[in-house]
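Structure first, then comments.
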Amino acid sequence: MQERGNWSSKFGFIMAAVGSAVGLGNVWRFPYYTGTHGGAAFVFVYLIAVIVLGIPLLMTEIAIGRASNRNPVGAFKTLSPDTRWYLVGILGVLTGIFILSYYSVIAGWVFGYIFITTSNKFAMADEQMISQVFQSVSASPFIPVVLLFVIIALTVYIISKGVQNGIERYTKILMPVLFFLLIILAIRSLTLPNAIKGVEFYMKPDFSKIDAKVIVAALGQAFFSLSLGMGAILTYGSYLSKKDNVFSCSVWIALADTMVALIAGFVIFPALFSVEGLSPAEGPALIFKVLPVVISKMPGGILFGTLLFILLTIAAITSTISLLEVGTSYLVDEYGFERKKATYLLGGVSFILGIFSALSCGAVGFLSKLPVVNMDFLSLMDIIFGNVSLILGSLFIAVFVGYKWGIEKIILEIESDGNKFRFRGIYGLLIRYIVPLLILLVFVNFIYETFIR
Ligand code: PHE
């Protein structure tokens, strides 16, 4: 087995995990889901999900990783030998590859927008022109594929060199810069005409809008945004030192991730309502149609806009790294693969899968509107792997700890830094009963509403 590294410090671990968590999930997917699932009501359920399910599950994945010191498949094999629990790890590896495939398509668009912004395309842009630009990138038969390739190649390069730990050095500077940049953009957005309508849509919940679909979307979004349910945080946790406090790490990760998402919403919604002809339910295109509006309406827009898309690309890549690292550590640990070979193989598979998503936003008619499900291939992948699979993965992880490995054992692991875990009672209650029950209830209701009624 290869030498397993460790984070240089607790701060380094938090930065890497925040790097995994903060990405397109916060800036692209959160506003898009909020827009298509009823606005503030969705935000409300999302925040509850982060606190009630997100934080305990972050702790759980970190502790499983650290206790076993393994990749997600190896972790279940170590903690529960001769059982089938390792299949949860396999599900995680597969989910990571599939998410990587379509996530990198969006990351590719973001990367492409760096050049569109610098070429001053958005200087005096009107709504129609902005749509045209988006169309010309996303519906082209080859631009998205090239951009997809660039993103996956960069990810593969970084992981194959094994330098991802070194990335913590950059993340700890760049993430705060992204954060402040988003605040500046939010201020501009909030001072546009009609901004108040956007704030209302985003912050004033209409509770009658909450149904099974909204809850499933909010749960899925919480897990997606926190990188939960597929072993990414578990893998990072396996490099965490026993001396570090699992609870405080988890709270920091959740806090940082949620702040970025909330601020992104304050950039998007006020600006959205300030222009005619755009709807919150724009879908995956939402930020690509709204961000240019904000950019075009601010002094120094080209500079801020370019910087924004550069930082977003970097934030996306610190997430794609964690998606690919799960499968890579699996092949390296369990099958003795050379690190480089493992990343090439998995990167190649993701690229091929990703081509279907890349061509599903207008380039190929069939992929852009699949029969039966009536949606594009990318959105379908996102629902299956970015929502359902992560929710199920989280359910299995909670049940594993609650009923197989045991709450006492995980508490011992959590307390191995020498501090008593004050919320052990609540934690046990959540992991054993609340989390599994909530997920099951929501799921059954969702299936019933979608397929049976
Ligand atoms: N959390 C990342 C984001 O919000 C995406 C991701 C999901 C990364 C699952 C790893 C695992 O962009």
Side-chain angles (χ1 to χ4, degrees), residues 20 23-25 27-29 32 91-115 134-160 164 220 224 227 230-232 283-285 287-288 309 312-328 330-331 340-370 373 375-390:
S20 167
L24 301 175
V27 180
W28 163 71
R29 202 178 190 261
Y32 144 37
L91 177 70
V93 170
L94 291 175
T95 304
I97 301 302
F98 276 95
I99 295 182
L100 179 64
S101 76
Y102 71 84
Y103 191 93
S104 303
V105 173
I106 312 290
W109 296 352
V110 171
F111 179 67
Y113 264 59
I114 298 174
F115 305 99
F134 177 71
Q135 194 74 6
S136 68
V137 175
S138 62
S140 145
F142 79 101
I143 297 177
V145 180
V146 175
L147 293 172
L148 164 71
F149 183 81
V150 173
I151 298 293
I152 293 203
L154 275 170
T155 309
V156 165
Y157 176 78
I158 294 170
I159 298 201
S160 68
Q164 65 270 36
F224 186 92
S227 303
M230 53 147 286
I287 67 159
F288 298 95
F309 287 116
L312 267 186
T313 306
I314 296 171
I317 288 183
T318 55
S319 301
T320 55
I321 289 174
S322 68
L323 286 163
L324 190 55
E325 175 64 23
V326 172
T328 303
Y330 166 59
L331 292 182
K340 206 173 184 168
K341 284 220 180 88
T343 51
Y344 282 17
L345 177 70
L346 297 176
V349 172
S350 298
F351 173 65
I352 293 170
L353 287 170
I355 295 178
F356 294 93
S357 291
L359 297 177
S360 75
C361 304
V364 173
F366 175 74
L367 292 173
S368 309
K369 201 157 184 75
L370 294 170
V373 286
M375 61 173 84
D376 60 276
F377 187 79
L378 192 153
S379 303
L380 182 66
M381 290 289 105
D382 187 41
I383 290 181
I384 299 178
F385 296 99
N387 285 338
V388 176
S389 187
L390 295 181

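Residue L148 forms a side chain to side chain contact (heavy atoms under 4.5 Å, CB included) with just one option from I143, I106, V105, and that option is V105.
No donor-acceptor pair closer than 3.5 Å links the side chain of S140 to the backbone N or O of S136. Judged purely by atom type and a 3.5 angstrom limit, T343 has no side-chain atom pairing as donor or acceptor with the backbone of I159. For the pair T155 (side chain) and T320 (backbone), a donor-acceptor distance under 3.5 Å is absent.
Nearest heavy atoms, S20 versus S227: OG-OG, 2.8 Å. Taking all atoms of both residues into account, the shortest heavy-atom contact from P141 to A363 is CA-CB, 3.8 Å. Looking at every heavy atom in both residues, V150 comes nearest to F111 through CG1-CE2, 3.8 Å.
S101 contributes atom OG, which lies 7.0 Å from atom CZ of F377 (distance to the nearest 0.5 angstrom). Rounding to the nearest 0.5 Å gives a distance of 13.0 Å between NZ of K341 and OG of S160. With rounding to the nearest 0.5 Å, the separation of CG in L345 from NZ in K340 is 15.0 Å. Atom CG of L100 is separated from atom CD1 of I321 by 11.0 Å, given to the nearest 0.5 angstrom. Atom CD1 of I99 sits about 12.0 Å away from atom CG of L24, to the nearest 0.5 Å. In this structure, CG in L91 is found 4.0 Å from OG1 in T95, a value given to the nearest 0.5 Å.
S379 and D376 are linked by a side-chain donor-acceptor pair at a separation below 3.5 angstrom, with hydrogens and angles left out of the test.
In this structure, the side chains of F134 and W109 come closer than 4.5 Å at one or more pairs of heavy atoms. Residues L323 and M230 meet the side-chain proximity criterion, which asks for heavy atoms closer than 4.5 Å.
A tilted orientation is assigned to the rings of Y32 and W28, their planes being inclined by 30° to 60°. The aromatic rings of F98 and F385 sit parallel, their planes meeting at an angle under 30°, below the 60° perpendicular limit.
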Report, one line per pair, each donor and acceptor closer than 3.5 Å where one atom sits in a side chain of residues 349-362; sequence neighbours left out.
| unit_1 | atom_1 | unit_2 | atom_2 | d |
| --- | --- | --- | --- | --- |
| S350 | OG | L346 | O | 3.1 |
| S360 | OG | S357 | O | 2.8 |
| S360 | OG | L378 | N | 3.1 |

Margin query: Using the rule given for side chain to side chain contact (heavy atoms under 4.5 Å, CB included), can you reason through L370 versus F366, listing the C-alpha separation, both sets of side-chain angles and the distance that settles it, and then say yes or no?
Written below: CA-CA 6 Å; L370 294 170; F366 175 74; 4.0 Å; yes
Note to self: Is there a side chain to side chain contact (heavy atoms under 4.5 Å, CB included) between L324 and I152? Walk through the geometry before answering.
What the structure shows: CA-CA 9 Å; L324 190 55; I152 293 203; 5.9 Å; no
